[in-house]
Each structure stands twice: as structure tokens, then as C-alpha cells.
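Read the numbers this way: they start at 1 and go in the same order the structure lists the ligands and their atoms.
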Amino acid sequence: MQSSMIPDGSRLRIAIQKSGRLSEPSLQLLERCGLRFARSKDKLFCFGENDPVDLLLVRDDDIPALLVDGICELGIAGENIAEEQRLSRIRRGEPAEYQTLKRLDFGGCRLSLAVPEEFDYDGPEDLQGLRVATTYPGLTERYLKDHGVSARIVRLSGSVEIAPSLGTADAIADLVSTGTTLRANHLREVAVMLESRAVLLQASKQLSASQSEVLDRLLSRIDGVLQVKESKYVMLHAPRERLDQIREILPGAEAPTVLPLEGQPDKVAVHAVCRENVFWEHLEELKAEGASAVLVLPVEKMLA
Ligand code: ATP
Ligand code: ZN
């Protein structure tokens with residue numbers, strides 16, 4: 001083991017997915033927070049160059065164990081993985097101590113039940129006594145149990161969607177984002193068992209004072225990054241008497257700055273940070289209220 005991987009009590013280690021859907025967005029989020037890593041894509045460990053935060057590049061499924069075993073303080077994984085492993089660990093009587101610090105804005109998908117197109121499905125009770133194939137036995141079992149259904153869970157490690165046509169299952173529970181894979185396999189999504197997103201997870205072990213400080217700073221930067229993505233800075237000229245209406249239209253603007261306009265007593269300049277996306281429809285509504293010279297600018301950084 002490299003010496004840099006041994007916990008030293010002052011640096012934080014974050015486990016992220018090495019290669020897959022969550023890799024790029026996880027790394028991008030951390031880089032937007034100002035972290036820089038000596039990138040070695042083929043290696044497990046990336047040293048944080050300007051902050052005491054290092055990366056471990058691993059399979060997403062390994063992240064909960066790295067947290068529980070104290071190898072990493074933080075991890076980014078899908079809620080699907082975090083919740084499934086929590087259930088299976090509890091079931092095996094193993095420790096499952098990690099908590100969700102923040103839901104992130106990527107990795108969106110759902111864990112859904114799907115049945116063959118010709119299956120006449122009216123509700124979960126139709127699965128009573130049947131076989132459901134999945135790589136998420138814990139979450140599937142919980143869903144079925146919550147609906148009073150007892151079905152046989154067929155545990156698979158992949159290619160769940162072909163189980164019904166192979167005759168090894170009557171239904172499946174699998175991750176879906178667009179539904180294309182389901183349709184290609186003549187399956188129909190009939191229920192969503194879990195709406196999942198990537199989350200920042202934290203191990204439950206106590207952090208040192210310097211680690212806590214680094215974490216607090218990282219969390220407030222993550223908040224800033226998440227807010228900035230949707231935020232826009234809007235500038236416009238408006239008739240003074242339409243100010244209330246204009247404020248109403250600006251999406252998610254708390255307290256716009258209103259400035260006088262030289263030589264135009266009946267007009268003002270309005271500057272506002274809109275914390276939601278600004279669409280063409282908003283601009284058209286503003287114009288209808290008499291706004292002119294409307295400018296919408298991206299916000300680069302924000303610190304609340
Ligand atoms: P590895 O285990 O090698 O790290 P993987 O095959 O488990 O990779 P990906 O397919 O890259 O992982 O998915 C990683 C995560 O991305 C999933 O656990 C889930 O949280 C999220 N995700 C988002 N959309 C989808 C989707 N359509 N199918 C599967 N996962 C999705
Ligand atoms: Zn995986």
C-alpha cells in the first residue's frame with residue numbers, strides 16, 4: 001500500500017467511481033470546488049495538490065465498505081448503492097454506519113419494477129408467488145414486503161433485463177433512466193421503487209479538528225457550486241411603477257437592487273440574482289411589463 005493511503009488525521013479522502021456514469025460529474029464537482037488532483041486515471045489514488053483532500057478511484061459498489069472500514073471519510077455514490085448496501089449490511093448484522101451529507105445534481109435514475117409487455121399488471125399484488133430478478137435484492141424485498149407481497153427474489157449480478165425472455169424470472173427490478181433498455185427488451189415499467197441521485201456520503205467515525213474544518217469548507221463550496229448552476233444575474237431597465245410586477249416575474253430573486261437612471265425619473269435599473277433558471281418566457285413576460293435592455297449573465301461563483 002502506498003504510504004499516502006494511510007490515514008494521517010489531517011487529510012480527507014473521498015472515494016469516487018473510477019469509471020462509469022458518476023466518474024466525470026463527481027470529479028467535475030470537486031474541481032469546481034477548487035480542488036486539484038494529480039490525476040493518474042489508471043491509479044487508485046490521486047493526491048490533492050492544493051487542498052488536503054485526496055481521491056480514491058474505485059468501483060461504486062465498494063464505496064460503502066470503504067466508509068465503514070474507515071479507509072475514506074467521504075464518498076460519492078448513487079442512493080441506489082448506498083441504500084441497497086445499508087439494507088444488506090443490516091440484514092447480515094454488519095455495521096452500516098454512513099450518512100448522507102448532501103444530495104447532488106447528477107446520477108439521476110430510478111429503481112423500477114418492470115414486467116413483460118404482455119403481462120396484465122394491475123399492482124404489486126399481481127407478483128404474489130412469482131419470481132423477480134434484480135441486482136437490488138434488499139430494496140426489492142423491502143418494496144414487495146411494504147406492499148404485502150411475497151415473491152421470490154432472483155439475485156443476478158447483471159443483464160437483469162433479459163431474465164424474463166430467458167424464462168428465469170417473471171418480472172425485474174432494475175435501474176432505469178430513459179427506459180430505452182426496457183423497451184428494447186419488451187418490458188414495461190410499472191412502478192418506481194426508489195428515485196435515486198448521486199449523494200455525498202460520510203463515514204460515521206469522528207473527524208479530527210482539521211478534517212472537520214476542511215469538510216465544512218468543502219460543503220459550503222459544494223452548496224455554492226450547486227446554486228450557481230441554476231443561477232443567473234439579470235440586469236434590466238424598468239418603468240418605476242411596474243417594479244412589483246417585474247419582481248414577481250424574476251424567478252427565485254430575493255432582493256433585487258434597484259438603481260436610479262440618470263435623466264429618466266420614471267425608470268429604474270434592476271439587478272437581481274435569480275436562483276432558478278431564466279427562460280425565454282421570463283424575458284418575454286418582462287418585456288410585456290415594459291422592461292428593456294434585459295441582460296442575463298451566468299454566475300461564476302457564489303458564497304452565501
Ligand atoms: P462499477 O461498478 O464498475 O463502478 P457500474 O456498472 O456499477 O460501474 P454505472 O453503470 O456507471 O456503474 O452506474 C453508476 C451509477 O450511476 C448507478 O449506480 C446509478 O446510481 C447511476 N445511474 C444513473 N443512470 C443510470 C442508468 N440508466 N443505469 C444505471 N445506473 C445509472
Ligand atoms: Zn457498480
#### Entry: Heavy-atom nearest neighbour in the protein, as seen from atom 24 (N) of ligand 1, with distance rounded to 0.1 Å
Cys109 CB, 3.4 Å

### Query
Which atoms of ligand 1 sit under 4.0 Å from any heavy atom of Gly108?
23 (C), 24 (N)

### Query
Thinking salt bridges, do Glu289 and Arg242 make one under a 4.0 Å N-O criterion?
yes

### Task
Could you state whether Val225 and Tyr233 fall into the same hydrophobic cluster, counting links through intermediate Ile, Leu, Val, Met, Phe, Trp or Tyr residues with side-chain heavy atoms under 4.5 angstrom apart?
no

### Query
Between CG of Leu156 and OH of Tyr136, what distance do you get to the nearest 0.5 Å?
12.5 Å

### Query
Which ligand 1 atoms does Asn80 reach within 4.0 Å, using its non-hydrogen atoms?
17 (C), 18 (O), 19 (C), 20 (O)

### Query
What is the closest protein heavy atom to atom 9 (P) of ligand 1, and at what distance does it sit?
Gln17 NE2, 3.8 Å

### Asp105 side chain near Leu29 side chain, heavy-atom distance below 4.5 Å
no

### Query
Between Arg13 and Glu73, is the closest basic N to carboxylate O distance under 4.0 Å?
yes

### Query
Does at least one non-hydrogen atom of Ser23 fall below 4.0 angstrom from an atom of ligand 1?
no

### Query
Is Leu22 touching ligand 1 with its side chain, its backbone, both, or neither, if touching means heavy atoms under 4.0 Å apart?
side chain

### Task
Before accepting this row, confirm whether a basic side-chain N of the pair Lys287/Glu284 lies closer than 4.0 Å to the acidic partner's carboxylate O.
no

### Query
With a cut-off of 4.0 Å, which atoms of ligand 1 are near a heavy atom of Asp60?
1 (P), 2 (O), 4 (O), 7 (O), 8 (O), 12 (O), 14 (C), 15 (C), 18 (O)

### Task
Please indicate whether Arg152 has more than 12 foreign heavy atoms, meaning atoms of other residues, nucleotides or ligands, lying under 6.0 Å from its CZ.
no

### Query
What is the nearest protein non-hydrogen atom to atom 30 (N) of ligand 1, stated with its residue, atom name and distance?
Leu175 CD1, 3.2 Å

### Task
Go through ligand 1 atom by atom and flag the ones less than 4.0 Å from a non-hydrogen atom of Gly78.
20 (O)

#### Entry: Residue Asp60 atom name (nearest to the Zn ion (ligand 2); N/O/S)
OD1

### Query
Is Asp61 close to ligand 1, meaning an N/O of one under 3.5 Å from an N/O of the other?
yes

### Query
Taking atom CZ of Arg155 as the centre, does the number of heavy atoms from other residues, nucleotides or ligands within less than 6.0 Å exceed 12?
no

### Task
Have a look at Asp61 and say which of its N, O or S atoms is nearest the Zn ion (ligand 2).
OD1

### Query
Do Glu161 and Thr181 have side-chain atoms, one donor and one acceptor, less than 3.5 Å apart?
no

### Salt bridge present between Lys102 and Asp223 (N-O < 4.0 angstrom)
yes

### Task
Just need the protein heavy atom nearest to atom 11 (O) of ligand 1, so name the residue and atom and give the distance.
Arg21 N, 2.8 Å

### Query
Is any heavy atom of the protein nearer than 4.0 Å to atom 6 (O) of ligand 1?
no

### Summary
Taking only non-hydrogen atoms of Gly20 and a 4.0 Å limit, the atoms of ligand 1 in range are 11 (O)

### Message
For Leu295, is the CG atom crowded, meaning more than 12 foreign heavy atoms sit under 6.0 Å from it?
### Response
yes

### Query
Identify the closest protein heavy atom to atom 3 (O) of ligand 1: which residue and atom is it, and at what distance?
Arg59 NE, 3.4 Å

### Query
Among protein heavy atoms, which sits nearest to atom 27 (N) of ligand 1, and what does the distance come to when rounded to 0.1 Å?
Ser177 OG, 2.7 Å

